[in-house]
Amino acid sequence: MSRQDQVNLLKRLLHYVETRTTAMADSPWRNEVSAYTDAERLKEEQRVLFRKHPLVMGFGSDWPTPGSFSTDDYAGLPVLIVRGRDSKLRAFLNVCRHRGAKVAQGCGKARLFSCPYHAWTYDLAGQLMGIPDERCFPDVRGERASLVELPLCEKHGLVWVIPTADGSTDFDIDPWLGGLADELASFGFASWSFYDRREIPETMNWKIVVDTFNEGYHIGFLHRDSLRDILHGNVNDFEAFGLNHRLTFPRRKLERLKAEPEDSWDLMWNTTLVYSLFPNTVLLVQGDHVELARVFPRDGRTDRAVMDLGLYVPKAPSTEEERIHWDKNMQLVLDVVTGEDFPTGRSIQIGLTSGAQTHTVYGRNEPAMIHYHQSMRTALGLNV
Ligand code: FES
Ligand SMILES: [Fe+2]
């Protein structure tokens, strides 16, 4: 974001705080309850959103050096991501070309991948290197020379994969970002470090997990004992970028800026910036660090989800003091999200399933809720 855009955003927030108002949608919007409860809708989301859209897989620093690899099945497919000897990051279906076992487990560092079943081996670029007793497999190597590659893009410090093997190995994320590319690039995430990660399984629709981050209306109430003293409730700036958006929460200390010269105003220190990277990722820029929440449906059920929550920092900590500081930040987000937001999310899932109402309603003060769910209908080819 340009310096002037940062100052303008801070001025809008100061105005909202002073006038006790917030960014507003034109009118409330009613979303079908079935968006959260209907099994056919979930199948469609999995077919379209989790196969045809780029999904954030992490920061590039999750795979810091050649041989760094990770595996996960979150998107409903076994995915292996590995940085090659040429430093290029590649994604593969984690499926052995012999009989389909996972060739890599967990995450870490590898020189090659040896399938645990019959020890077919693959190099870091996915090429099939060795077949034990190859004389039993005449003419087989040529027809299956490598793991099946998925299109991957590493850009702006982040990594996206489109989880469909269509023969392509890369793509450009920028057209998907709806004008957010320069702003993402401006943070310089390429040089940031991974700090910590938690996998949090939940018993609610995956979109209720995402909705946690889509409005500040609840901050003064649900978070009265935690965030209310840090963030203003029900005051947000909102901007859409195609299917994505930025929601900005002013910190309470923002008002001190009025007594300071504009050229000293700092956006990150005075706000929490929440980027929704459609369809399932929320990037929270929290003053001095970033939290990345990737959310997926789980077990093919409308009422099961999993959140992969990562914490990233501008530079790897070198002292115990720094580690204590980042641990405290991780604990704060876990306390607030799993201790306050998610119990409410579980109750929402039960409420939506109860038949009490056919539609849920998002207010004018919840423009990001409206934009996110309307974007989803657009992506799914449904009427908005
Ligand atoms: S399934 Fe991998 S070597 Fe047999
Ligand atoms: Fe919350």
Side-chain angles (χ1 to χ4, degrees), residues 22 71 78 80 92-105 110 112-123 126-137 140-141 143-148 198 200 202 204-236 238 247-252 271-276 282-286 291 293 295 305 307 309 329-349 362-363 365-369 372:
T22 181
T71 62
L80 162 64
F92 303 99
L93 288 172
N94 187 12
V95 175
C96 182
R97 300 306 307 275
H98 176 214
R99 281 175 45 205
K102 286 183 183 173
V103 299
Q105 334 289 325
L112 49 77
F113 298 105
S114 178
C115 179
Y117 207 175
H118 314 93
W120 285 30
T121 54
Y122 304 85
D123 72 9
Q127 295 300 306
L128 176 59
M129 302 301 286
I131 300 179
D133 261 324
E134 189 162 357
R135 65 203 157 107
C136 307
F137 292 86
V140 166
R141 183 189 283 262
E143 89 193 18
R144 45 194 69 220
S146 68
L147 296 172
V148 174
R198 299 297 157 84
I200 302 161
E202 263 303 336
M204 67 183 92
N205 187 273
W206 70 277
K207 298 186 297 297
I208 296 178
V209 176
V210 177
D211 287 346
T212 298
F213 307 101
N214 273 338
E215 45 88 10
Y217 183 27
H218 71 283
I219 288 174
F221 310 108
L222 185 66
H223 300 311
R224 64 182 163 272
D225 297 325
S226 54
L227 295 184
R228 194 174 63 173
D229 293 339
I230 301 171
L231 298 174
H232 283 280
N234 206 22
V235 182
N236 307 133
F238 169 77
L247 187 64
T248 312
F249 296 73
R251 291 178 184 250
R252 292 224 172 248
T271 59
T272 290
L273 299 155
V274 181
Y275 292 96
S276 171
V282 182
L283 178 76
L284 297 107
V285 181
Q286 296 275 31
E291 293 144 11
V295 185
M307 178 169 84
L309 179 70
N329 277 284
M330 189 63 164
Q331 198 54 51
L332 175 65
V333 65
L334 288 171
D335 287 348
V336 171
V337 171
T338 65
E340 297 175 1
D341 288 302
F342 287 177
T344 308
R346 281 174 226 139
S347 85
I348 290 174
Q349 185 68 36
Y362 312 140
N365 57 344
E366 301 178 282
M369 290 287 287
Y372 178 65

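Order of appearance sets the numbers: ligands from 1, and atoms from 1 within every ligand. As the structure is a computational prediction, the values presented were derived from the model and not from experiment.
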What's the separation between atom [atom1] in [X] and atom [atom2] in [Y], rounded to the nearest 0.5 Å?
| X | Y | atom1 | atom2 | value |
| --- | --- | --- | --- | --- |
| Thr338 | Ile200 | OG1 | CD1 | 6.0 Å |
| Gln286 | Glu291 | CD | CD | 4.5 Å |
| Gln331 | Arg198 | CD | CZ | 7.0 Å |
| Asn205 | Lys207 | CG | NZ | 3.5 Å |

For this session: Sort out for me which residue in Leu247, Thr271, Ile219, Asn365 forms a side-chain contact (heavy atoms from CB on, under 4.5 Å) with Asn236.
Result: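 Of the listed residues Leu247, Thr271, Ile219, Asn365, the side-chain contact (heavy atoms from CB on, under 4.5 Å) partner of Asn236 is Leu247.
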
For this session: Could you check whether the rings of Phe137 and His98 sit parallel, tilted or perpendicular, using 30° and 60° as the cut-offs?
Result: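 Correct class here is perpendicular.
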
Exercise. Backbone N or O of Arg144 within a donor-acceptor pair of the Arg97 side chain at under 3.5 Å?
Worked result: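 Side chain of Arg97 to backbone of Arg144, a donor-acceptor pair under 3.5 Å: no, none is there.
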
Problem set entry | Donor-acceptor side-chain pairing of Asp133 and His118 below 3.5 angstrom |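 Side-chain D/A pair, Asp133 to His118: absent.
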
Problem set entry | N, O or S atoms of the protein lying under 2.8 Å from the Fe ion (ligand 2) |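 Listed by chain and number, the atoms are His218 NE2, His223 NE2, Asp341 OD1, Asp341 OD2.
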
Problem set entry | Shortest non-hydrogen contact between Val282 and Val210, atoms and distance |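 Minimum heavy-atom contact is CG2-CG1, 4.2 Å.
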
For this session: With atom 4 (Fe) of ligand 1 as the centre, enumerate protein N/O/S atoms below 2.8 Å in chain and residue order.
Result: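 Per the 2.8 Å query on atom 4 (Fe) of ligand 1, atoms found are His98 ND1, His118 ND1.
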
